Engineer: 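Questions regarding the structure given below will be posed in turn.
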Amino acid sequence: MRRALRMSYLAAAVGGLGFFAMSVLLLGVWPGRALEHQIHATSPEHPLALSASEQRGRAIYAREGCAYCHTQQIRYLSSDVSRFGAATLAWETIFDYPHLWGTRRIGPDLSREASIRPEDWQFSHLYAPRALVADSVMPAFPWLFDGAPDRPRQEGRDLVAYLETLGRDRALAGPEGEAHARTACNCSDDERRFAFAALNASPAMARRTGEHPRLDASQDLSHGKELYAQYCAACHGLRGEGDGPGSAGLHPRPANLAEHEYTLDRLSASLWNGVAGTAMPGWRDLAPRDLSAIAQVVRGFHAVQPEPSLPSDVLELGARVYADRCAQCHGEKGGGDGSAAGQFSIAPADLRSGRPSMAASLRALRNGVDGTPMAPWNRELSEAELSAVAYFVRGFFQQ
Amino acid sequence: MSDSRGQVETRLVYAHGLASIIVLFVSLLFGFFASLEMAAPDSLGASPWLTWGRLRYDHTQGIMLGWLANAFFAFLYHAVPLLTGRRVTSVRLGQWIFGLWNFAIVLPGWILVLAGFSQPLEWAEFPLVIDAFVVLALLLAAIQFLPPFFSRGLEDLYVSSWYIIGGLVFTLLAYPMGNFVPELVPGARGAAFSGLWIHDAVGLFVTPLALAMIYFVIPAATRRPIFSHFLSMLGFWLLFFLYPLNGTHHYVFSVIPMSAQIGAITASTLLGVDVILVVANLLLSLRGAGWLPRDLGLRFVATGTVFYLIVSIQGSVQAQMAVNQSVHFSDWVVGHSHLAMLGFASFAAAGGLIHVWQRIPWARYNAEALEWSYWLLLAGVILMVTDLTVAGLVEARMWQSSAPWIESVRAAGPYWMFRALTFVPIAGGFVALLAGLTTGDPGAGLAAIRDSVGLKPVSEIAPRLAIAESE
């Protein structure tokens, strides 16, 4: 009897250890092999590994607990895919020792963060998140900086370099890579639909061109003001003067909305697509009704002033200077579409749909627009030429 | 009876018991600071040592490896000799384990995390050096506590013994898997192992030892044997079969093969059924003790049992795809974790601690403070978990809609504020627990037992508890 009991306990012990071994095999080793096959079949041939700086950035991301507020794992669900982009494929995380998938989202998923935001936004955001996003609860990381958002230390640069790798390999794989993975992927139709949806669905990602909704002249000023305070004031300031708490570290600085007159269509385009190459994000997650209300507020910042009329010889001087010096960027008709326009990451201003005040125009000419290809002209042009062309370009505006 | 009681190393019980509560306060502060930073960001300044991420790491590591582990050790020093009629291996070894655990693991682990040395892996945040010490200490703990069981023979082990053996052995196996493997196996493949450990930490370490306490305290305090030994053992084996198979439910709808996900979800469902079985057995054993047992250790343990039932059923439900798809990643799950670690495990641990404390002849004991502790903690857990659950539902609804992300953050704000405030009853409850164990008259605990039920040997009532008696 004792012997039998003893044997049965031995069997139980072996069985117990067996349970554990089985769990490791079934849920660790076996899925690992399936994933390895999947990775082998779907990965592009030479995915880009992380550079030394990007590796260091990854370690900072790990150490600061970013992964406990941000996932790096877009699930095979329409709610995830429509918010963040194509679901994560197995090969996308092959360089992650250890993985940073995360199990909690206080902030958004970051799997496709590369190319959504420019560097100056990322630096300013890490330095003081609430300076850019009023209601954010993200911690500030000022120790990655030398006292100012545009003075990152090596650690800050490393971290942002790492953020720029998130989703990079998948984007680099391009349409051929997607097509290859799509055919090679051993997945169900559903999975395929989610895994190969639009790669990046971030509403904030700035695009240079694209369709945008038609906005109406909204009457809902109080709603607009509330939205403006929530979303825009951090950068553009409560009175639209481009001097919000987040503006300090941005290059270019947020536009001074009080000094500009925009057509409704231009506002719609800039709000929907953002301003590519600048910290101005797209606002595609706001309903057109909300955008209309905001546009109304923006237009309200601008006080209409009587326009001085200048003698025609000044206008002619302006036109000449413009054709010589400015048209290749700003376009003959001021549409921001000159022959050289395409080669810059920040598009030359479209002067037909947005008019700077005389002061702003002159300032842009004298000082250039910091952080953009618009260089200062005060050395090349005489004072008379400067004011002539500054005045002239304002004439392109078409209400 | 007296000679088996003589084998309890009361000084080690006391040391670990006191350490558990001190460490608990620090862990609690980490948690409170983190919750404060969500309710009012920047309120703690901008020091890297107080950044949310690092506090968050230290909070959970402190709760599991500091508070619960120390409380478990305190309990083991009391229970193992009583269960086996044998001394633990060595007092000297016990001092080493105590020192290692608190001064080579918990304390340096915290400091290293705050200084920026850590792993971004859930329930595995302490850096690898510390993990090496944990494995060493777990090995020593196995040497300390397991031989009495084996030298006594395994023939008529009480179910608590099974849980103790299971917990110690399986943690020793699972800990390295969860802490080392993801460092060696990248990305999705590593995540599969992390998923296993996230569940094993709770299922193979915390749950078995908490259940060992519950199974021990109930018969010892009610003085009636457990309702069904058969059900106990069935529950035990099913738990050890099912718990490890749950892991992948942390990554539902991920790229990990669907069959593994479905397997884990099935195991999670069955686990809920098994827990109903286990808890039914425990609650039936509590018959006659009343809704609010007078014995305070028993009362904590009984309440922990009820939380165990609720949290397990919740777990089964939230593993289901239809539910998981929306509540995953939200505060709902944070509520679930607190129901498990604070509701179930901490109530069991506090109950176990009170129980063993009362039986240290020279220890102070203050029943009134413990009464306060019970009600404050109960209120704290219920408020916090309800708050987080609702917050999770609100977030889930926002995420399903097309609202901008920040709206979900804004909507959660008031709930985060309320959650931070639940620190008050919870901290108050634990202060009262500390007071209950460090104020009052020395020996008052034992006197309380004598006055209510008399110091009859446990063996008369729960024979399996005191096998030593039969020798």
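Every chain is numbered from 1 and lettered A, B, ... according to where its sequence line falls, protein lines coming before strand lines. Bear in mind that the values here come from a model prediction, so they are computed numbers and not experimental data.
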Engineer: With a 4.5 angstrom heavy-atom cut-off, could you sort out which part of B:I406 is near chain A: side chain, backbone, both or neither?
Structural biologist: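 Only the side chain of B:I406 comes within 4.5 Å of chain A.
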Engineer: Would you mind checking if A:R104 and B:E122 are paired as a salt bridge, meaning a charged N to carboxylate O distance below 4.0 Å?
Structural biologist: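 Looking at B:E122 and A:R104, the cut-off is not met.
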Engineer: Cation-pi check, B:R410 to A:Y231: give yes when NZ or CZ is under 6.0 Å from the six-membered ring centre and within 45° of the ring axis, no otherwise.
Structural biologist: yes
Engineer: Is any residue of residues 184-193 of chain A within less than 4.5 Å of chain B by heavy atoms, and which ones?
Structural biologist: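 Under the 4.5 Å heavy-atom cut-off, A:E191 qualify.
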Engineer: Any chance you could lay out the ring pair (Phe, Tyr, Trp, His ring centres under 6.0 Å) test for A:F19 and B:F241, step after step, and finish with the verdict?
Structural biologist: CA-CA 5 Å; A:F19 287 166; B:F241 175 58; 4.7 Å; yes
Engineer: Tell me, side chain or backbone of B:W416 under 4.5 Å from chain A's heavy atoms, or both, or neither?
Structural biologist: side chain
Engineer: What heavy-atom pair brings A:P98 and B:L121 nearest, and what distance separates the two atoms?
Structural biologist: CB-CD2, 3.9 Å
Engineer: To the closest 0.5 Å, what do you measure between OG1 (A:T103) and CZ (B:F329)?
Structural biologist: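 Interatomic distance, A:T103 OG1 to B:F329 CZ, rounded to 0.5 Å: 7.5 Å.
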Engineer: Write down the atom of B:T51, the atom of A:P139, and the distance for their closest heavy-atom approach.
Structural biologist: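 Looks like OG1-CB, 3.9 Å.
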Engineer: Where the side chain of A:W101 meets the backbone of B:S254, is there a donor-acceptor pair that is under 3.5 Å apart?
Structural biologist: no
Engineer: Using only heavy-atom distances, determine whether the side chains of A:Y76 and B:Q325 contain a donor-acceptor pair under 3.5 Å.
Structural biologist: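 Absent: no donor and acceptor within the cut-off.
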Engineer: side-chain contact (heavy atoms from CB on, under 4.5 Å) between A:R105 and B:W399: does it pass, once the steps are laid out?
Structural biologist: CA-CA 10 Å; A:R105 280 183 189 152; B:W399 296 343; 4.1 Å; yes
Engineer: Would you compute the distance between atom CH2 of B:W405 and atom OG of A:S136 and round it to the nearest 0.5 angstrom?
Structural biologist: 12.0 Å
Engineer: Check whether B:V333 gets within reach of chain A through its side chain, its backbone, both or neither, counting any heavy atom under 4.5 Å.
Structural biologist: neither
Engineer: Of the non-hydrogen atoms in B:G190 and A:H99, which two are nearest, and what is the gap between them?
Structural biologist: C-CD2, 3.8 Å
Engineer: Side chain, backbone, both or neither: which part of B:T248 has a heavy atom under 4.5 Å from chain A?
Structural biologist: both
Engineer: Heavy-atom pairs under 4.5 Å with chain A - which of B:P120, B:G195, B:A40, B:P186 has more of them than the others?
Structural biologist: B:P186
Engineer: Closest approach of B:P41 and A:V137, non-hydrogen atoms and distance?
Structural biologist: CG-CA, 3.7 Å
Engineer: Under 4.5 Å, counting heavy-atom pairs only, tell me which of A:S79, A:A128, A:P203 racks up the most with chain B.
Structural biologist: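 Most pairs with chain B among the choices: A:S79.
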Engineer: Is A:L77 in contact with chain B via its backbone, its side chain, both, or neither, using a 4.5 Å heavy-atom distance?
Structural biologist: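 Answer is side chain: those atoms of A:L77 sit under 4.5 Å from chain B.
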Engineer: Pick one of side chain, backbone, both or neither for B:S408, based on which atoms fall under 4.5 Å of a heavy atom in chain A.
Structural biologist: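 No part of B:S408 comes within 4.5 Å of chain A.
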Engineer: Based on non-hydrogen pairs under 4.5 Å, which of B:A46, B:A191, B:A260 is most in contact with chain A?
Structural biologist: B:A191
Engineer: For A:G28, is there any backbone N or O sitting under 3.5 Å from a side-chain donor or acceptor partner on B:R189?
Structural biologist: no
Engineer: Looking at B:S401, B:S330, B:S402, which has the largest count of heavy-atom pairs under 4.5 Å with chain A?
Structural biologist: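 Looking at each of B:S401, B:S330, B:S402 in turn, B:S330 comes out on top.
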Engineer: With a 4.5 angstrom heavy-atom cut-off, could you sort out which part of B:L245 is near chain A: side chain, backbone, both or neither?
Structural biologist: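 Its backbone and side chain both get close to chain A.
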Engineer: Measure distances from B:V113 to the heavy atoms of chain A and classify the residue's part below 4.5 Å as side chain, backbone, both or neither.
Structural biologist: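 Neither part; nothing is under 4.5 Å.
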Engineer: Heavy atoms only: give me the nearest A:L27-B:P244 pair and the separation to one decimal.
Structural biologist: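 The answer is CD1-O, 3.9 Å.
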Engineer: Given heavy-atom pairs under 4.5 angstrom as the criterion, report whether the side chain, backbone, both or neither of B:N246 touches chain A.
Structural biologist: backbone
Engineer: Of the non-hydrogen atoms in A:R83 and B:P404, which two are nearest, and what is the gap between them?
Structural biologist: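 The pair with the smallest heavy-atom distance is NH1-C, 4.1 Å.
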Engineer: What are the residues of residues 172-181 of chain B, in order of number, with any heavy atom under 4.5 angstrom from a heavy atom of chain A?
Structural biologist: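 B:L173, B:A174, B:M177, listed by number.
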Engineer: By a 4.5 Å heavy-atom criterion (distance strictly below it), what part of A:W30 contacts chain B: side chain, backbone, both, or neither?
Structural biologist: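 Side chain only.
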Engineer: Which bit of B:E125 comes within less than 4.5 Å of chain A, counting heavy atoms only: side chain, backbone, both or neither?
Structural biologist: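 The side chain, not the backbone.
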Engineer: For the interface with chain A, which of B:R56, B:H250, B:Q400 has the highest count of heavy-atom pairs at distances below 4.5 Å?
Structural biologist: B:R56
Engineer: Kindly check if the number of other-residue, nucleotide or ligand heavy atoms within 6.0 Å of CZ (A:R33) is above 12?
Structural biologist: no
Engineer: Rounded to the nearest 0.5 Å, how far does CD1 of A:I106 lie from CD of B:E395?
Structural biologist: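 The distance works out to 8.0 Å.
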Engineer: Just so I know, are the side chains of B:V255 and A:L89 near enough to count as touching, which here means a heavy-atom distance under 4.5 Å?
Structural biologist: no
Engineer: Considering only heavy atoms, which portion of A:L17 lies under 4.5 Å from any heavy atom of chain B: side chain, backbone, both, or neither?
Structural biologist: both
Engineer: Please confirm whether the ring centroid of B:F253 lies under 6.0 Å from the ring centroid of A:F194.
Structural biologist: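 When the ring centroids of B:F253 and A:F194 are compared, they turn out to be at least 6.0 Å apart.
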Engineer: Pick one of side chain, backbone, both or neither for B:I198, based on which atoms fall under 4.5 Å of a heavy atom in chain A.
Structural biologist: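 B:I198 touches chain A through side-chain heavy atoms alone.
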Engineer: May I ask you to name which of A:F20, A:Y61, A:F141, A:W91 has the most heavy-atom pairs under 4.5 Å with chain B?
Structural biologist: A:F20
Engineer: Need one label for A:T88: side chain, backbone, both or neither, based on atoms under 4.5 Å from any heavy atom in chain B.
Structural biologist: backbone
Engineer: Name the option with the most non-hydrogen atom pairs under 4.5 Å to chain A; the candidates are B:A264, B:G166, B:G413, B:A403.
Structural biologist: B:A403
Engineer: Once you round to the nearest 0.5 Å, how far does SG of A:C69 lie from CE of B:M38?
Structural biologist: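 Output value for this atom pair is 6.5 Å.
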Engineer: Hey, could you give me the CG/CE distance between B:D42 and A:M138, rounded to the nearest 0.5 Å?
Structural biologist: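 It is 11.5 Å, given to the nearest 0.5 Å.
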Engineer: Working to the nearest 0.5 Å, report the span between CZ of A:R63 and CD of B:Q119.
Structural biologist: 15.5 Å
Engineer: Given heavy-atom pairs under 4.5 angstrom as the criterion, report whether the side chain, backbone, both or neither of A:P108 touches chain B.
Structural biologist: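 Both parts, backbone and side chain.
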Engineer: What part of B:L55 lies closer than 4.5 angstrom to a heavy atom of chain A: side chain, backbone, both or neither?
Structural biologist: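 Contact with chain A is absent: no heavy atom of B:L55 under 4.5 Å.
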Engineer: Among A:A34, A:A67, A:A90, which has the most heavy-atom pairs under 4.5 Å with chain B?
Structural biologist: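 Heavy-atom pairs under 4.5 Å are most numerous for A:A90.
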Engineer: Taking every heavy-atom pair that is under 4.5 Å apart, which of B:A267, B:G53, B:A188 has the most such pairs with chain A?
Structural biologist: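 Option with the top pair count is B:A188.
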